[in-house]
Visitor: 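Structure incoming, see below.
Labels below follow one simple rule: chain letters A, B, ... track the order of the sequence lines, proteins then strands, and each chain is numbered from 1. The model shown is predicted, which means the values in this text are computed figures rather than measured ones.
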There are 2 protein chains.
Amino acid sequence: MTVSKTVEKAGDAKGRKEAPEVQGEALQLGELSEQLGYVLKRAQLKVFENFLRCMASLQLTPAQFSVLLLVDKNPGRNQTEIASTLGILRPNFVAMLDNLESRDLCTRIRSTNDRRSHILVLTDKGKAVLTRAKKLVATKHESRLNDLLGQANREALIVMLSKIANEF
Amino acid sequence: MTVSKTVEKAGDAKGRKEAPEVQGEALQLGELSEQLGYVLKRAQLKVFENFLRCMASLQLTPAQFSVLLLVDKNPGRNQTEIASTLGILRPNFVAMLDNLESRDLCTRIRSTNDRRSHILVLTDKGKAVLTRAKKLVATKHESRLNDLLGQANREALIVMLSKIANEF
DNA sequence: TGATAATTGTTATGGACCATATCAAATATC
DNA sequence: GATATTTGATATGGTCCATAACAATTATCA
(Lines give C-alpha, C1' and ligand atoms only; values in the text may rest on other atoms or scores of the structure.)
Protein backbone atom coordinates (compact mmCIF):
# COMPACT_ATOMS: atom_id res chain seq x y z
CA MET A 1 0.00 0.00 0.00
CA THR A 2 1.20 3.45 -0.79
CA VAL A 3 1.10 6.60 1.21
CA SER A 4 -1.03 9.16 -0.53
CA LYS A 5 -0.83 12.62 0.82
CA THR A 6 -3.87 14.33 -0.47
CA VAL A 7 -3.62 17.82 -1.70
CA GLU A 8 -6.50 19.71 -0.26
CA LYS A 9 -8.67 21.81 -2.48
CA ALA A 10 -7.56 25.38 -2.62
CA GLY A 11 -11.02 26.86 -2.56
CA ASP A 12 -12.17 25.87 0.92
CA ALA A 13 -9.78 28.03 2.87
CA LYS A 14 -11.73 29.44 5.78
CA GLY A 15 -8.63 30.21 7.80
CA ARG A 16 -8.67 26.54 8.72
CA LYS A 17 -5.37 24.89 9.51
CA GLU A 18 -4.55 22.26 6.93
CA ALA A 19 -3.37 18.88 8.13
CA PRO A 20 -1.39 16.36 6.10
CA GLU A 21 -3.63 13.37 5.67
CA VAL A 22 -2.43 9.80 5.79
CA GLN A 23 -4.18 6.52 5.14
CA GLY A 24 -3.84 2.85 5.69
CA GLU A 25 -0.44 2.49 7.30
CA ALA A 26 0.08 1.29 10.82
CA LEU A 27 0.53 4.05 13.33
CA GLN A 28 3.89 4.77 14.91
CA LEU A 29 3.82 4.22 18.64
CA GLY A 30 7.01 6.20 19.08
CA GLU A 31 8.04 6.97 22.63
CA LEU A 32 4.80 5.47 23.85
CA SER A 33 6.24 1.96 23.67
CA GLU A 34 8.85 2.96 26.23
CA GLN A 35 6.55 4.73 28.63
CA LEU A 36 6.46 2.70 31.82
CA GLY A 37 2.85 3.52 32.64
CA TYR A 38 1.59 2.71 29.19
CA VAL A 39 3.23 -0.68 28.86
CA LEU A 40 2.44 -1.50 32.48
CA LYS A 41 -1.25 -0.83 32.03
CA ARG A 42 -1.51 -2.81 28.83
CA ALA A 43 0.36 -5.75 30.34
CA GLN A 44 -1.94 -5.67 33.35
CA LEU A 45 -5.04 -5.73 31.16
CA LYS A 46 -3.72 -8.70 29.20
CA VAL A 47 -2.86 -10.59 32.37
CA PHE A 48 -6.26 -9.98 33.97
CA GLU A 49 -7.96 -11.00 30.75
CA ASN A 50 -6.04 -14.25 30.70
CA PHE A 51 -6.71 -14.80 34.38
CA LEU A 52 -10.46 -14.53 33.82
CA ARG A 53 -10.30 -17.02 30.96
CA CYS A 54 -8.38 -19.50 33.09
CA MET A 55 -10.85 -19.09 35.95
CA ALA A 56 -13.98 -19.21 33.84
CA SER A 57 -14.97 -22.58 35.29
CA LEU A 58 -14.72 -21.26 38.85
CA GLN A 59 -16.08 -17.79 38.13
CA LEU A 60 -13.41 -16.03 40.15
CA THR A 61 -12.09 -12.56 39.44
CA PRO A 62 -8.53 -11.59 40.38
CA ALA A 63 -9.87 -9.58 43.31
CA GLN A 64 -12.02 -12.45 44.57
CA PHE A 65 -9.11 -14.84 44.25
CA SER A 66 -6.93 -12.51 46.29
CA VAL A 67 -9.57 -12.37 49.02
CA LEU A 68 -9.79 -16.15 49.24
CA LEU A 69 -6.00 -16.44 49.33
CA LEU A 70 -5.67 -13.84 52.06
CA VAL A 71 -8.50 -15.13 54.24
CA ASP A 72 -7.13 -18.65 53.95
CA LYS A 73 -3.66 -17.50 54.93
CA ASN A 74 -4.99 -15.31 57.77
CA PRO A 75 -7.93 -16.98 59.47
CA GLY A 76 -9.51 -15.06 62.32
CA ARG A 77 -9.18 -11.59 60.83
CA ASN A 78 -12.02 -9.16 60.37
CA GLN A 79 -13.26 -7.31 57.29
CA THR A 80 -11.30 -4.11 57.74
CA GLU A 81 -8.04 -5.97 58.16
CA ILE A 82 -8.51 -8.10 55.07
CA ALA A 83 -9.85 -5.23 52.99
CA SER A 84 -7.16 -2.75 53.94
CA THR A 85 -4.24 -5.05 53.19
CA LEU A 86 -5.75 -5.60 49.76
CA GLY A 87 -6.21 -1.88 49.22
CA ILE A 88 -9.98 -2.25 49.18
CA LEU A 89 -12.05 0.38 50.97
CA ARG A 90 -14.42 -1.01 53.58
CA PRO A 91 -17.62 0.20 51.92
CA ASN A 92 -16.63 -1.49 48.67
CA PHE A 93 -15.69 -4.69 50.44
CA VAL A 94 -19.22 -5.28 51.68
CA ALA A 95 -20.74 -6.19 48.31
CA MET A 96 -17.71 -8.32 47.53
CA LEU A 97 -18.21 -10.37 50.66
CA ASP A 98 -21.94 -10.56 50.08
CA ASN A 99 -21.11 -12.20 46.77
CA LEU A 100 -18.60 -14.68 48.19
CA GLU A 101 -20.90 -15.51 51.09
CA SER A 102 -23.92 -16.02 48.80
CA ARG A 103 -21.84 -18.56 46.89
CA ASP A 104 -20.92 -20.28 50.15
CA LEU A 105 -17.20 -19.65 49.71
CA CYS A 106 -16.66 -17.43 52.73
CA THR A 107 -18.44 -16.78 56.03
CA ARG A 108 -18.79 -13.78 58.30
CA ILE A 109 -18.75 -14.74 61.95
CA ARG A 110 -19.62 -12.16 64.57
CA SER A 111 -16.66 -11.93 66.91
CA THR A 112 -17.27 -12.69 70.57
CA ASN A 113 -14.35 -10.49 71.61
CA ASP A 114 -15.51 -7.43 69.74
CA ARG A 115 -19.10 -7.73 68.70
CA ARG A 116 -18.72 -4.94 66.15
CA SER A 117 -16.44 -6.95 63.91
CA HIS A 118 -16.97 -9.87 61.59
CA ILE A 119 -14.35 -12.59 61.54
CA LEU A 120 -13.80 -14.01 58.08
CA VAL A 121 -13.39 -17.71 57.42
CA LEU A 122 -13.41 -19.84 54.31
CA THR A 123 -16.11 -22.50 54.13
CA ASP A 124 -15.19 -26.04 53.18
CA LYS A 125 -16.41 -25.31 49.71
CA GLY A 126 -14.36 -22.12 49.73
CA LYS A 127 -11.24 -24.07 50.60
CA ALA A 128 -11.95 -26.61 47.91
CA VAL A 129 -12.53 -23.91 45.32
CA LEU A 130 -9.36 -22.13 46.38
CA THR A 131 -7.36 -25.32 45.96
CA ARG A 132 -8.70 -25.82 42.48
CA ALA A 133 -8.15 -22.16 41.68
CA LYS A 134 -4.52 -22.34 42.75
CA LYS A 135 -3.98 -25.31 40.46
CA LEU A 136 -5.59 -23.53 37.53
CA VAL A 137 -3.52 -20.43 38.13
CA ALA A 138 -0.31 -22.42 38.36
CA THR A 139 -0.86 -24.66 35.37
CA LYS A 140 -2.75 -22.37 32.98
CA HIS A 141 -1.78 -18.86 34.02
CA GLU A 142 1.60 -18.48 35.69
CA SER A 143 3.11 -21.27 33.65
CA ARG A 144 2.47 -19.17 30.60
CA LEU A 145 4.88 -16.58 31.91
CA ASN A 146 7.60 -19.17 32.09
CA ASP A 147 6.97 -20.12 28.50
CA LEU A 148 7.11 -16.49 27.49
CA LEU A 149 9.97 -15.13 29.62
CA GLY A 150 11.72 -18.09 31.15
CA GLN A 151 11.90 -18.96 34.83
CA ALA A 152 14.68 -16.56 35.76
CA ASN A 153 13.14 -13.59 34.01
CA ARG A 154 9.74 -14.36 35.48
CA GLU A 155 11.15 -14.19 38.99
CA ALA A 156 13.10 -11.04 38.21
CA LEU A 157 9.93 -9.45 36.87
CA ILE A 158 7.97 -10.21 40.03
CA VAL A 159 10.76 -8.80 42.17
CA MET A 160 10.92 -5.58 40.18
CA LEU A 161 7.17 -5.11 40.18
CA SER A 162 7.06 -5.69 43.93
CA LYS A 163 9.75 -3.11 44.37
CA ILE A 164 7.77 -0.60 42.37
CA ALA A 165 4.57 -1.42 44.24
CA ASN A 166 6.25 -0.96 47.61
CA GLU A 167 8.88 1.71 47.12
CA PHE A 168 7.82 3.89 44.24
CA MET B 1 -31.80 -7.13 55.12
CA THR B 2 -30.89 -7.42 58.78
CA VAL B 3 -28.85 -10.27 60.09
CA SER B 4 -29.66 -11.83 63.48
CA LYS B 5 -29.05 -8.92 65.72
CA THR B 6 -26.81 -9.75 68.62
CA VAL B 7 -28.83 -12.76 69.69
CA GLU B 8 -25.82 -14.84 70.57
CA LYS B 9 -24.05 -14.20 73.79
CA ALA B 10 -20.46 -14.87 74.54
CA GLY B 11 -19.71 -18.43 75.45
CA ASP B 12 -22.65 -20.27 73.93
CA ALA B 13 -21.31 -22.24 71.02
CA LYS B 14 -24.56 -23.31 69.40
CA GLY B 15 -23.00 -25.42 66.70
CA ARG B 16 -21.32 -22.24 65.57
CA LYS B 17 -17.95 -22.69 63.99
CA GLU B 18 -15.38 -21.02 66.18
CA ALA B 19 -12.66 -19.17 64.37
CA PRO B 20 -9.27 -18.63 65.92
CA GLU B 21 -9.12 -14.94 66.54
CA VAL B 22 -5.98 -12.95 66.07
CA GLN B 23 -5.18 -9.37 66.83
CA GLY B 24 -2.69 -6.73 66.03
CA GLU B 25 -0.09 -8.49 63.99
CA ALA B 26 0.54 -7.76 60.34
CA LEU B 27 -1.20 -10.05 57.92
CA GLN B 28 0.67 -12.64 55.91
CA LEU B 29 0.49 -11.98 52.21
CA GLY B 30 1.59 -15.50 51.44
CA GLU B 31 1.40 -16.57 47.82
CA LEU B 32 -0.26 -13.29 46.96
CA SER B 33 3.09 -11.53 46.79
CA GLU B 34 4.11 -13.82 43.95
CA GLN B 35 0.92 -13.59 41.96
CA LEU B 36 1.71 -11.81 38.73
CA GLY B 37 -1.67 -10.11 38.42
CA TYR B 38 -1.65 -8.85 41.98
CA VAL B 39 1.80 -7.30 41.91
CA LEU B 40 1.25 -6.00 38.39
CA LYS B 41 -1.92 -4.18 39.37
CA ARG B 42 -0.40 -2.63 42.48
CA ALA B 43 2.67 -1.49 40.59
CA GLN B 44 0.47 0.05 37.91
CA LEU B 45 -1.54 1.97 40.48
CA LYS B 46 1.61 3.33 42.09
CA VAL B 47 3.07 4.37 38.76
CA PHE B 48 -0.11 6.15 37.66
CA GLU B 49 -0.32 7.87 41.02
CA ASN B 50 3.21 9.14 40.65
CA PHE B 51 2.58 10.17 37.07
CA LEU B 52 -0.37 12.32 38.13
CA ARG B 53 1.73 13.99 40.83
CA CYS B 54 4.49 14.78 38.33
CA MET B 55 1.96 16.17 35.85
CA ALA B 56 -0.04 18.18 38.34
CA SER B 57 1.17 21.46 36.86
CA LEU B 58 0.04 20.45 33.37
CA GLN B 59 -3.12 18.63 34.45
CA LEU B 60 -2.48 15.66 32.18
CA THR B 61 -3.61 12.12 32.89
CA PRO B 62 -1.66 9.14 31.54
CA ALA B 63 -4.36 8.59 28.92
CA GLN B 64 -4.32 12.23 27.81
CA PHE B 65 -0.54 12.20 27.62
CA SER B 66 -0.66 9.10 25.43
CA VAL B 67 -3.12 10.79 23.07
CA LEU B 68 -0.89 13.85 22.71
CA LEU B 69 2.14 11.66 22.08
CA LEU B 70 0.37 9.58 19.46
CA VAL B 71 -1.25 12.49 17.62
CA ASP B 72 2.08 14.29 17.54
CA LYS B 73 3.83 11.23 16.16
CA ASN B 74 1.04 10.53 13.66
CA PRO B 75 -0.34 13.75 12.26
CA GLY B 76 -3.17 13.44 9.76
CA ARG B 77 -4.92 10.47 11.39
CA ASN B 78 -8.55 10.38 12.34
CA GLN B 79 -10.26 9.65 15.64
CA THR B 80 -10.87 5.94 15.12
CA GLU B 81 -7.27 5.31 14.17
CA ILE B 82 -5.84 7.12 17.17
CA ALA B 83 -8.40 5.68 19.56
CA SER B 84 -8.08 2.09 18.42
CA THR B 85 -4.29 1.96 18.64
CA LEU B 86 -4.62 3.21 22.20
CA GLY B 87 -7.26 0.62 23.04
CA ILE B 88 -9.88 3.30 23.53
CA LEU B 89 -13.36 2.67 22.17
CA ARG B 90 -14.60 5.36 19.83
CA PRO B 91 -17.58 6.42 21.90
CA ASN B 92 -15.33 6.92 24.92
CA PHE B 93 -12.82 8.87 22.89
CA VAL B 94 -15.29 11.64 22.11
CA ALA B 95 -15.40 13.15 25.59
CA MET B 96 -11.64 12.83 25.85
CA LEU B 97 -11.15 14.86 22.69
CA ASP B 98 -13.79 17.36 23.77
CA ASN B 99 -11.66 17.94 26.83
CA LEU B 100 -8.36 18.31 24.96
CA GLU B 101 -9.99 20.54 22.36
CA SER B 102 -11.63 22.76 24.98
CA ARG B 103 -8.19 23.28 26.49
CA ASP B 104 -6.83 24.16 23.04
CA LEU B 105 -4.35 21.30 23.01
CA CYS B 106 -5.78 19.39 20.06
CA THR B 107 -7.99 20.18 17.07
CA ARG B 108 -10.48 18.19 15.03
CA ILE B 109 -10.34 19.04 11.32
CA ARG B 110 -13.01 17.72 8.98
CA SER B 111 -11.25 15.75 6.26
CA THR B 112 -11.81 16.80 2.68
CA ASN B 113 -11.12 13.27 1.44
CA ASP B 114 -13.68 11.60 3.62
CA ARG B 115 -16.05 14.07 5.12
CA ARG B 116 -17.13 11.59 7.78
CA SER B 117 -13.82 11.63 9.56
CA HIS B 118 -12.03 14.13 11.73
CA ILE B 119 -8.31 14.56 11.28
CA LEU B 120 -6.51 15.16 14.56
CA VAL B 121 -3.75 17.71 14.98
CA LEU B 122 -1.99 19.20 17.94
CA THR B 123 -2.30 22.95 18.36
CA ASP B 124 0.78 25.05 18.97
CA LYS B 125 -0.16 25.12 22.62
CA GLY B 126 -0.63 21.36 22.50
CA LYS B 127 2.86 20.91 21.11
CA ALA B 128 4.32 23.18 23.75
CA VAL B 129 2.50 21.37 26.53
CA LEU B 130 3.62 18.03 25.16
CA THR B 131 7.24 19.19 25.14
CA ARG B 132 7.00 20.28 28.74
CA ALA B 133 5.20 17.07 29.65
CA LYS B 134 7.91 14.94 28.09
CA LYS B 135 10.52 16.78 30.14
CA LEU B 136 8.58 16.31 33.35
CA VAL B 137 8.07 12.62 32.65
CA ALA B 138 11.74 12.12 31.89
CA THR B 139 13.15 14.04 34.82
CA LYS B 140 10.59 13.38 37.53
CA HIS B 141 8.94 10.12 36.55
CA GLU B 142 11.03 7.75 34.48
CA SER B 143 14.23 8.79 36.18
CA ARG B 144 12.81 7.46 39.38
CA LEU B 145 12.80 4.00 37.91
CA ASN B 146 16.50 4.25 37.24
CA ASP B 147 17.11 5.24 40.82
CA LEU B 148 15.03 2.30 41.98
CA LEU B 149 16.04 -0.46 39.58
CA GLY B 150 19.07 0.76 37.69
CA GLN B 151 19.28 1.49 33.99
CA ALA B 152 19.73 -2.09 32.79
CA ASN B 153 16.90 -3.47 34.88
CA ARG B 154 14.63 -0.65 33.85
CA GLU B 155 15.11 -1.49 30.20
CA ALA B 156 14.67 -5.20 30.85
CA LEU B 157 11.44 -4.46 32.68
CA ILE B 158 10.01 -2.47 29.78
CA VAL B 159 10.95 -5.23 27.36
CA MET B 160 9.28 -7.90 29.48
CA LEU B 161 6.12 -5.87 29.97
CA SER B 162 5.91 -5.16 26.24
CA LYS B 163 6.27 -8.85 25.58
CA ILE B 164 3.42 -9.60 27.95
CA ALA B 165 1.27 -6.84 26.48
CA ASN B 166 1.79 -8.10 22.94
CA GLU B 167 2.15 -11.86 23.21
CA PHE B 168 0.33 -13.01 26.30
C1' DT C 1 -26.93 4.02 -12.17
C1' DG C 2 -29.30 3.16 -7.83
C1' DA C 3 -30.28 0.26 -3.86
C1' DT C 4 -27.88 -1.58 -0.08
C1' DA C 5 -24.09 -2.10 3.07
C1' DA C 6 -20.32 -0.26 5.73
C1' DT C 7 -17.84 3.46 8.15
C1' DT C 8 -17.30 7.78 11.12
C1' DG C 9 -18.35 10.53 14.83
C1' DT C 10 -21.74 10.94 18.24
C1' DT C 11 -25.30 10.23 21.94
C1' DA C 12 -27.44 7.52 25.30
C1' DT C 13 -27.09 4.13 28.57
C1' DG C 14 -25.68 0.59 31.84
C1' DG C 15 -22.11 -1.88 34.43
C1' DA C 16 -17.84 -2.22 37.15
C1' DC C 17 -14.80 -0.03 40.12
C1' DC C 18 -13.43 3.57 43.32
C1' DA C 19 -14.02 7.31 46.86
C1' DT C 20 -16.52 10.06 50.45
C1' DA C 21 -20.02 11.07 53.86
C1' DT C 22 -22.90 9.18 57.12
C1' DC C 23 -25.22 5.95 60.27
C1' DA C 24 -26.20 2.52 64.28
C1' DA C 25 -24.09 -0.57 67.21
C1' DA C 26 -20.37 -1.64 69.97
C1' DT C 27 -16.23 -0.49 72.19
C1' DA C 28 -12.51 2.54 73.99
C1' DT C 29 -11.10 6.60 76.51
C1' DC C 30 -11.14 10.01 79.83
C1' DG D 1 -20.76 8.01 82.93
C1' DA D 2 -20.09 11.35 78.96
C1' DT D 3 -17.59 11.48 74.85
C1' DA D 4 -14.85 9.72 71.14
C1' DT D 5 -13.51 5.95 68.21
C1' DT D 6 -14.12 1.72 65.61
C1' DT D 7 -16.77 -1.64 62.69
C1' DG D 8 -19.82 -2.98 59.24
C1' DA D 9 -23.12 -1.04 56.36
C1' DT D 10 -25.84 2.20 53.17
C1' DA D 11 -26.20 5.85 50.02
C1' DT D 12 -24.24 8.37 46.57
C1' DG D 13 -21.33 10.35 43.00
C1' DG D 14 -17.37 9.99 39.84
C1' DT D 15 -14.66 7.68 36.41
C1' DC D 16 -13.76 4.23 33.25
C1' DC D 17 -15.41 0.73 30.09
C1' DA D 18 -18.73 -1.56 26.89
C1' DT D 19 -22.87 -1.89 23.81
C1' DA D 20 -26.69 -0.22 20.99
C1' DA D 21 -28.35 3.04 18.03
C1' DC D 22 -28.43 7.16 14.92
C1' DA D 23 -27.34 10.70 11.03
C1' DA D 24 -24.14 11.76 7.65
C1' DT D 25 -21.13 10.07 4.43
C1' DT D 26 -18.86 6.73 1.62
C1' DA D 27 -18.26 2.02 -0.41
C1' DT D 28 -20.14 -1.92 -2.78
C1' DC D 29 -22.22 -4.24 -6.40
C1' DA D 30 -26.33 -6.00 -8.90
Visitor: Without decimals, in angstroms, what is the distance between Leu45(B) CG and dC17(C) C1'?
Guide: 11 Å
Visitor: Can you check the Arg90(A) CZ to dA11(D) C1' distance for me, whole Å?
Guide: 17 Å
Visitor: When the distance from CD1 of Ile119(A) to C1' of dG8(D) is rounded to whole Å, what number comes out?
Guide: 12 Å
Visitor: Picking from dT8(C), dT5(D), dT25(D), which would you name as closest to the side chain of Asn78(B)?
Guide: dT8(C)
Visitor: Measure from CG on Asn99(A) to P on dA16(C) and round the result to the nearest Å.
Guide: 10 Å
Visitor: Taking 4.0 Å as the cut-off, does a side-chain nitrogen or oxygen of Ser117(B) come that near to OP1 or OP2 on dT25(D)?
Guide: no
Visitor: So, for Leu157(A) and Leu36(B), which heavy atoms are closest and what is the spacing to 0.1 Å?
Guide: CD2-CD1, 4.1 Å
Visitor: Of the non-hydrogen atoms in Leu52(B) and Leu60(B), which two are nearest, and what is the gap between them?
Guide: CD2-O, 4.0 Å
Visitor: For the atom pair CD1 (Ile82(A)) and CE (Met96(A)), what is the distance rounded to the nearest 0.5 Å?
Guide: 11.0 Å
Visitor: Nearest whole Å is fine: how far is dT5(D) C1' from Asp114(A) CG?
Guide: 11 Å
Visitor: Please collect all salt bridge (charged side-chain N to carboxylate O under 4.0 Å, His left out) contacts where either partner lies in residues 38-60 of chain A, sequence neighbours excluded, each pair once.
Guide: Glu49(A)-Arg53(A)
Visitor: Any side-chain heavy-atom pair from Val47(A) and Leu145(A) closer than 4.5 angstrom?
Guide: no
Visitor: Does dT25(D) have OP1 or OP2 under 4.0 Å away from a side-chain N or O of Arg115(B)?
Guide: yes
Visitor: Give the nucleotide from the list dC17(D), dA6(C), dT7(D) with an atom nearest to the side chain of Arg116(B).
Guide: dA6(C)
Visitor: At a heavy-atom distance below 4.0 Å, what parts of residues 91-98 of chain B sit against DNA chain C?
Guide: Pro91(B), Val94(B)
Visitor: If I take atom CD in residue Glu81(A) and atom C1' in nucleotide dG8(D), what distance separates them, rounded to the nearest angstrom?
Guide: 13 Å
Visitor: Take atom CG of Leu120(A) and atom C1' of dG8(D), then tell me their distance rounded to the nearest Å.
Guide: 11 Å
Visitor: Check the orientation of Phe168(A) and His141(B). Use parallel for under 30°, tilted for 30 to 60°, and perpendicular for over 60°.
Guide: perpendicular
Visitor: Could you state the atom-to-atom distance from NE2 of His118(B) to C1' of dT7(C) in whole Å?
Guide: 13 Å
Visitor: Could you walk me through whether Ser111(B) and Asn113(B) pass the side-chain hydrogen bond (donor to acceptor under 3.5 Å, both in side chains) check?
Guide: CA-CA 5 Å; Ser111(B) 166; Asn113(B) 292 344; 4.7 Å; no
